[in-house]
Novice: 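This is the structure I have questions about; it appears just below.
So you know, we letter chains A, B, ... as the sequences are listed, proteins then strands, and number each from 1.
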Amino acid sequence: MFPEYDHQAIETKWIKRWAEEGAFAAEIDPGRDKRYVLVMFPYPSGPAHMGHVANYTLGDVVARYYRRKGVGVLHPMGYDSFGLPAENAAISSGVHPSAWTRDNIELIKADLKRLGFSYDWSRELSTCEPAYYRWTQWFFLKMFERGLAYKANAATNWCPSCGTVLANEQVLADGTCERCSTLVVPRWLNQWFFKVTDYAERLLDDMEKLDGWPERVLTMQRNWIGKSRGAEVDFTLEATGEKIRIYTTRPDTLYGVTFFLLAPEHPLVDRLVEGTEREAEVAAFRKRVMASSTIERTALETEKDGVYLGATVTNPLNGESVPVYTANFVLIEYGTGAVMAVPAHDQRDFEFARKYDLAIRVVIEPPDGELVADDMTEAFEEPGTMIASGAFDGTASEEGKQKVCDLLEARGWGARAVNYRLRDWLVSRQRYWGAPIPIVYCEKCGTVAVPEEELPVLLPEDLPLAEGGKSPLPLTPSFYQTSCPSCGGPAKRETDTMDTFVDSSWYYFRYVDPAESDAPFDKEDAAYWMPVDQYIGGIEHAILHLLYSRFFTKVIHDLGLIDFDEPFTNLLCQGMITRDGAKMSKSKGNVVTPGDHIDRLGADTLRLYILFMGPPELSKDWSDAGVEGAHRFLGRVWRMVHERYLPLRQAGDEPDGPASRHRAMRSLTHRTIMNVTNDIDQFAFNTAISFIMELVNGINHYASEGAPDAAVLDEAVLAALQLLAPFAPFISEELWSIAGKEGRVNDLPWLSFDDELAKPEEVTLIVQVNGKVRDRVTVPAGISDDEMKARALEAENTARHLEGKEIRKVIVVPGKLVNIVI
RNA sequence: GCGAGAGUGGCGGAAUUGGUAGACGCGCGGGGCUUAGGACCCCGUGGUUCCUUUGAACCGUGGGGGUUCGAGUCCCCCCUCUCGCACCA
């Protein structure tokens with residue numbers, strides 16, 4: 001008898017062994033190719049969940065594979081450890097965010113270690129540690145120096161539940177907070193921003209370099225940046241003669257302007273109605289609009305609404321006078337906050353015109369006929385031919401755009417312009433558990449940067465949360481009272497902290513040298529390891545984290561610290577793990593905890609199953625029965641070594657059966673090496689595993705049908721263990737040593753295969769008659785087309801179908817198929 | 001509405017360049033071992049029909065057309081689902 005497969009003992013043993021032997025340390029070796037394999041670091045909110053297991057297993061298999069391919073691998077791990085959940089936990093349970101966070105780091109770390117991930121643990125980092133956030137603050141200062149960090153009044157997204165402002169990217173499509181699902185409301189506040197818009201063009205253009213990224217992520221980023229080309233045009237306010245600038249993408253429709261719109265927040269609105277009978281009405285209107293949530297205001301279904309402002313403007317192109325309204329659908333933050341309205345060719349303007357009985361003038365004629373304004377049911381927004389447009393009549397609208405722009409520029413009425421939907425990144429948060437913004441306000445000197453050598457601005461970790469979960473920082477004089485770095489006089493610190501997305505926008509640089517104390521990272525180390533060769537993470541970060549990281553990398557490039565400007569060469573977006581088709585969540589009660597499965601079935605089983613479930617990028621539904629199957633397979637591998645392999649080495653019987661039987665086994669072995677290698681290269685782990693399963697089944701058959709050839713069996717079993725090692729490293733390592741082999745299987749060079757051996761000796765020839773499969777014939781591999789034809793024609797079942805028929809054509813696919821056309 | 005992706009057995013999913021549809025696994029059925037159950041091993045498993053058997057025929061990759069000797073794969077039209085963006089002028 002042989003020992004049972006005791007996954008707990010085996011896994012405990014090898015975790016310890018690998019740690020003692022420093023098996024996964026990343027070392028710089030300029031003579032060797034490198035791979036930086038990174039999986040998005042977790043937010044430590046408790047033990048690991050299945051999404052973590054799926055993500056980190058993927059990364060680990062890739063890292064282990066590359067290591068065995070002989071390249072230097074950097075595979076690090078850390079924690080995104082500042083953030084709101086820590087404060088929410090503090091509110092509900094009274095634990096300090098700092099303690100809560102550090103406890104959770106220990107919980108998730110324990111799970112990550114149990115899963116056998118091959119991290120270089122010496123590089124572990126945590127964004128809430130002063131040694132780390134010191135450099136987050138340093139980057140803020142660099143941004144500030146370059147005018148990329150600025151403070152401004154702006155309409156912000158306020159989450160009433162989180163009690164803080166949010167970045168645009170953190171507001172979901174339904175207008176709710178991405179963290180707590182509360183409806184976000186607008187607030188006009190003085191806040192810190194990063195000038196991402198300065199980089200809009202580069203963020204867009206450089207996507208060309210990202211051919212290792214999924215197309216859908218690039219599309220999402222492209223849409224988010226939202227570049228549009230058009231023109232800015234100055235209209236003249238008739239009462240005062242001052243110019244009001246608008247932005248339009250349709251300069252070709254300038255002759256169709258019949259009214260003019262201002263965003264309710266536009267500063268001109270107040271001035272126009274001040275002291276008039278409309279003042280109260282307009283004020284009430286604006287109050288109503290601004291009070292509605294972002295979602296209400298931006299929903300397509302929201303009815304067009306507006307108020308006449310009692311003013312008129314002149315259209316520079318035709319000198320016409322049109323009325324000025326304020327309207328709910330005009331956004332202050334896009335373009336200039338003022339819009340020319342062309343109801344015939346813009347759906348929103350059309351609806352507004354119908355509601356307020358304003359003129360509709362057709363100036364673009366559709367290719368297929370005339371358009372009558374009174375009969376229109378919707379705006380005509382497609383290209384056409386310009387009409388009722390003076391000298392431009394008869395011009396195609398696309399061409400007209402250019403010609404009108406030429407005229408605008410020639411006359412000084414306007415100019416070509418580009419606009420982006422992308423807004424500057426709002427980075428200040430009225431929260432406690434984050435990196436303090438390193439700024440001081442002095443009555444004399446104004447806004448002053450904290451000098452670099454005074455970093456970090458330490459976050460006091462002994463403060464309880466204030467009333468209602470608010471940040472204690474503004475209430476703590478020992479924190480905010482300071483002296484001005486410039487004049488030495490009394491000054492007040494900024495009490496806002498940074499958005500946690502700032503912390504995570506540069507962490508991958510820190511891993512190259514997390515102990516570095518003179519800089520955020522060592523330039524030479526970064527030159528070796530960066531950029532990240534393979535980044536892996538959830539699709540939910542397609543915009544937020546990935547866009548911010550790209551921005552940071554470009555800034556770091558411009559600071560002269562690196563000579564590349566994209567952080568992630570290849571990106572794999574992992575699908576979600578669901579249960580019964582639904583996202584796992586505590587409220588639904590469908591959470592599957594990895595820890596339980598590791599205890600019961602082992603980390604190897606869990607790793608293997610989660611990869612076997614399906615392609616990485618697909619979302620996958622968890623099955624308890626399925627995971628049992630993976631465990632059963634590992635049991636078969638265990639028995640294969642103990643029942644088939646070990647006894648044979650003692651017995652040494654003469655091999656049974658013809659040479660072809662043994663040659664077929666070798667062929668399967670080599671074919672499996674080929675297939676598994678190809679599949680891992682393409683991240684097709686599910687099929688790679690199924691090939692290993694076939695090999696193991698094949699070995700068991702081979703060894704049970706008669707005495708195997710010792711060398712053939714040796715080759716097959718050892719190959720199976722080596723191929724299995726990246727997926728199930730513990731059992732592979734254990735069986736490797738049980739098989740009496742030296743060293744760690746996880747360190748062996750990746751297997752190569754023999755092309756000739758990988759080809760089977762015999763192939764099944766498919767015989768079709770008129771495209772329908774009628775017979776299968778086993779033939780030697782590599783026979784000629786003529787022989788194939790002959791064998792096909794004499795096949796028994798084929799002959800029946802050919803009886804009395806005339807053969808018109810025979811198609812031969814070499815080595816595969818013969819199709820007889822009758 | 002715009003953009004991206006996907007529809008294959010009871011289930012998860014396989015199928016270079018068009019060339020055996022359903023690999024591998026789960027589940028299910030049958031058998032072995034066992035006092036019994038579990039575990040394990042062996043066999044079977046898309047549907048329908050026919051046959052005593054060996055077996056055979058037809059249907060079958062969301063629906064409908066098409067190209068081709070041959071279509072899950074290519075082309076056209078349609079349906080459904082998922083995800084992202086949605087008053088950006």
Side-chain angles (χ1 to χ4, degrees), chain A residues 4 172-174 214-224 226-228 230 246-250 253 261 295 297-304 327-331 333-342 345-349 351-352 381 419-423 539-540 542-543 575-576 581 608-609 612-615 617-630 632-633 635-636 639 643 678 684 686-694 697 700 704 764-776 797 800 808-822:
Chain A
E4 292 276 303
L172 302 181
D174 63 355
E215 191 53 46
R216 63 174 168 159
V217 174
L218 295 176
T219 306
M220 280 160 77
Q221 292 216 352
R222 203 171 284 121
N223 291 342
W224 190 261
K227 181 178 182 173
S228 84
I246 60 99
Y247 171 73
T248 179
T249 53
R250 293 297 302 272
T253 63
L261 299 168
I295 177 67
R297 203 163 153 201
T298 58
L300 250 162
E301 309 82 58
T302 304
E303 200 185 322
K304 305 289 173 282
N328 60 345
F329 62 92
V330 181
L331 308 173
E333 59 283 16
Y334 186 77
T336 61
V339 185
M340 68 178 207
V342 186
H345 306 292
D346 181 283
Q347 186 58 24
R348 297 154 299 180
D349 299 345
E351 288 168 31
F352 194 85
E381 296 182 331
N419 251 294
Y420 301 94
R421 285 180 18 146
L422 184 73
R423 303 289 137 74
I539 185 72
E540 66 273 17
I543 296 173
M576 238 176 6
L608 193 73
Y609 174 62
F612 184 61
M613 281 169 84
E617 63 279 2
L618 247 61
S619 81
K620 289 160 290 239
D621 207 60
W622 178 264
S623 149
D624 282 328
V627 76
E628 299 278 353
R632 257 198 306 265
F633 167 68
R636 278 207 301 280
R639 287 190 302 277
E643 286 179 352
N678 288 342
N686 53 333
T687 47
I689 292 167
S690 72
F691 281 123
I692 300 172
M693 288 173 166
E694 285 181 82
N697 292 343
N700 281 327
S704 63
T764 303
L765 186 65
I766 303 306
V767 185
Q768 294 184 332
V769 177
N770 279 359
K772 283 191 195 297
V773 179
R774 295 301 180 188
D775 227 325
R776 292 173 167 83
N797 201 41
R800 265 188 337 112
R808 286 175 46 198
K809 200 159 126 190
V810 178
I811 288 150
V812 178
V813 180
K816 264 190 186 165
L817 171 145
V818 177
N819 188 14
I820 303 159
V821 187
I822 56 172

Novice: Considering only atom P, compute the distance from G65(B) to G72(B) and round it to an integer number of Å.
Specialist: 15 Å
Novice: If you take atom types as modelled and just measure distance, does the side chain of Arg222(A) reach the base of C85(B) with a donor-acceptor pair under 3.5 Å?
Specialist: no
Novice: Answer yes or no: does a side-chain N or O of Asn686(A) lie under 4.0 Å from OP1 or OP2 of A14(B)?
Specialist: yes
Novice: Under a 3.5 Å cut-off for both contacts, is G10(B) paired Watson-Crick or G-U wobble with anything, and if yes, with which nucleotide?
Specialist: C26(B)
Novice: For G46(B) versus C33(B), give the span between their C1' atoms, rounded off to a whole number of Å.
Specialist: 32 Å
Novice: What nucleotide, of C87(B), C88(B), A15(B), holds the atom closest to the side chain of Phe329(A)?
Specialist: C87(B)
Novice: May I have the distance from Asn770(A) (atom CG) to C69(B) (atom P), rounded to whole angstrom?
Specialist: 11 Å
Novice: How many whole angstroms separate atom CZ of Arg636(A) from atom C1' of C26(B)?
Specialist: 12 Å
Novice: For C75(B) and A23(B), measure between their C1' atoms and round to the nearest Å.
Specialist: 29 Å
Novice: Mapping Tyr420(A) and Glu215(A) onto RNA chain B by nearest heavy atom, which one lands closer to the 5' end?
Specialist: Glu215(A)
Novice: Taking 4.0 Å as the cut-off, does a side-chain nitrogen or oxygen of Arg774(A) come that near to OP1 or OP2 on A56(B)?
Specialist: no
Novice: How far does the P atom of G10(B) sit from the matching atom of G19(B), given to the nearest Å?
Specialist: 25 Å
Novice: Does a side-chain heavy-atom distance below 4.5 Å link Met340(A) with Thr253(A)?
Specialist: yes
Novice: In whole angstrom, what separates Tyr334(A)'s OH from A86(B)'s P?
Specialist: 13 Å
Novice: Quick one: does any side-chain atom of Asn419(A) pair with a main-chain N or O of Ser228(A) as donor and acceptor, under 3.5 Å?
Specialist: no
Novice: For Lys809(A) and Gly626(A), find the nucleotide of RNA chain B closest to each by heavy atoms; which residue's nucleotide sits nearer the 5' end?
Specialist: Gly626(A)
Novice: Of all the nucleotides listed (C85(B), A89(B), C24(B)), which has the minimum atom distance to the side chain of Arg421(A)?
Specialist: C85(B)
Novice: Report which part of the nucleic acid Asp349(A) touches: base, sugar-phosphate, or nothing (heavy-atom distance under 4.0 Å, all strands).
Specialist: nothing
Novice: Atom CD of Glu694(A) to atom P of A15(B): distance rounded to whole Å?
Specialist: 12 Å
Novice: Is the closest side-chain heavy-atom distance between Asn223(A) and Ile543(A) below 4.5 Å?
Specialist: no
Novice: Is a side-chain N or O of Gln768(A) found less than 3.5 angstrom from the main chain of Leu817(A), in a donor-acceptor match?
Specialist: no
Novice: Taking all heavy atoms of Arg222(A) and all of Glu215(A), pick out the closest pair and write down the distance.
Specialist: NH1-OE2, 3.9 Å
Novice: Rounded to the nearest angstrom, tell me the gap between atom CZ in Arg808(A) and atom C1' in C69(B).
Specialist: 9 Å
Novice: Report the residue from Val769(A), Val813(A), Ile811(A), Leu765(A) that forms a side-chain contact (heavy atoms from CB on, under 4.5 Å) with Val818(A).
Specialist: Leu765(A)
Novice: Looking only at heavy atoms, which two atoms of Arg216(A) and Glu617(A) are closest? And how far apart?
Specialist: NH2-O, 4.0 Å
Novice: Using atom names, set out every protein N or O paired with an N or O of nucleotides 27-32 of chain B below 3.5 Å, distance rounded to 0.1 Å.
Specialist:
{"from": "G27(B)", "atom 1": "OP2", "to": "Arg632(A)", "atom 2": "NH2", "distance (Å)": "3.1"}

Novice: Of the nucleotides A89(B), C41(B), G13(B), which has the atom closest to the Arg639(A) side chain?
Specialist: C41(B)
Novice: Go through G13(B), C85(B), G25(B) for me and flag the one nearest to the Phe612(A) side chain.
Specialist: G25(B)
Novice: Would you kindly give the CD1-to-P distance between Ile246(A) and A89(B), to the nearest whole Å?
Specialist: 12 Å
Novice: Can you measure Asp346(A) atom CG to C88(B) atom C1' for me and round it to whole angstrom units?
Specialist: 11 Å
Novice: Pick one for G9(B): is it syn, with its angle within 90° of 0, or anti?
Specialist: syn
Novice: Does Ser228(A) have a side-chain nitrogen or oxygen under 4.0 Å from the phosphate oxygens OP1 or OP2 of A89(B)?
Specialist: yes
Novice: Under a 3.5 Å limit for both distances, which nucleotide forms a Watson-Crick or G-U wobble pair with A36(B), could you say?
Specialist: none
Novice: Val330(A) and Gly337(A): which non-hydrogen atoms are nearest, and at how many Å?
Specialist: CG1-O, 3.7 Å
Novice: Name the pairs: protein N/O against N/O of nucleotides 19-22 of chain B, kept only if under 3.5 Å.
Specialist:
{"from": "G19(B)", "atom 1": "N2", "to": "Gln768(A)", "atom 2": "OE1", "distance (Å)": "3.2"}
{"from": "G19(B)", "atom 1": "N2", "to": "Asn819(A)", "atom 2": "ND2", "distance (Å)": "3.4"}
{"from": "U20(B)", "atom 1": "O2", "to": "Arg776(A)", "atom 2": "NE", "distance (Å)": "3.1"}
{"from": "U20(B)", "atom 1": "O2", "to": "Arg776(A)", "atom 2": "NH2", "distance (Å)": "3.3"}

Novice: When you measure from the side chain of Arg250(A) to the backbone N and O of Glu381(A), does any donor-acceptor pair fall under 3.5 Å?
Specialist: yes
Novice: At under 4.0 Å between heavy atoms, what does Pro214(A) touch on the DNA or RNA strands: base, sugar-phosphate, or nothing?
Specialist: nothing
Novice: Now, which nucleotide makes the Watson-Crick or G-U wobble pair with G19(B), with each of the two distances under 3.5 Å?
Specialist: C69(B)
Novice: Who passes ring-ring contact (aromatic ring centres under 6.0 Å, His included) against Tyr609(A), sequence neighbours left out?
Specialist: Trp622(A)
Novice: Can you check the distance between A21(B) and U61(B), where both ends of the measurement are the C1' atom (answer in whole Å)?
Specialist: 7 Å
Novice: What heavy-atom pair brings Thr336(A) and Tyr247(A) nearest, and what distance separates the two atoms?
Specialist: OG1-N, 3.8 Å
Novice: Using 0.5 Å steps for rounding, measure from the CG atom of Asn697(A) to the CZ atom of Arg636(A).
Specialist: 5.0 Å
Novice: Taking a pair as Watson-Crick or G-U wobble with both distances under 3.5 Å, which nucleotide is matched to G1(B)?
Specialist: C85(B)
Novice: Across all strands shown, which nucleotide pairs with C58(B) by Watson-Crick or G-U wobble geometry, both distances under 3.5 Å?
Specialist: G47(B)
Novice: Taking only N and O in the side chain of Asn678(A), is any of them less than 4.0 Å away from OP1 or OP2 of U16(B)?
Specialist: no
Novice: Which part of the nucleic acid, if any, lies within contact of Gly335(A), taking any heavy atom under 4.0 Å across all strands shown: a base, the sugar-phosphate backbone alone, or nothing?
Specialist: nothing
Novice: Rounded to the nearest Å, what distance is computed from the NZ atom of residue Lys772(A) to the P atom of nucleotide C69(B)?
Specialist: 16 Å
Novice: U53(B) pairs with which nucleotide, Watson-Crick or G-U wobble, both distances below 3.5 Å?
Specialist: none
Novice: What is the nucleic acid contact for Arg216(A), judged by heavy atoms within less than 4.0 Å: base, sugar-phosphate only, or nothing?
Specialist: sugar-phosphate
Novice: Say we look at G3(B) and A86(B): how far apart would their P atoms be, to the nearest angstrom?
Specialist: 16 Å
Novice: Look at the side chain of Arg348(A) and the base of A89(B), then say whether one donor and one acceptor between them are separated by less than 3.5 Å.
Specialist: yes
Novice: Could you report the tightest heavy-atom contact between Gly771(A) and Asn819(A), atom names first, then the distance?
Specialist: N-OD1, 3.0 Å
Novice: Expressed as a whole number of Å, how far does the C1' atom of G25(B) sit from that of C76(B)?
Specialist: 38 Å
Novice: Please state the P separation for the pair G9(B) and G47(B) - nearest whole angstrom.
Specialist: 12 Å
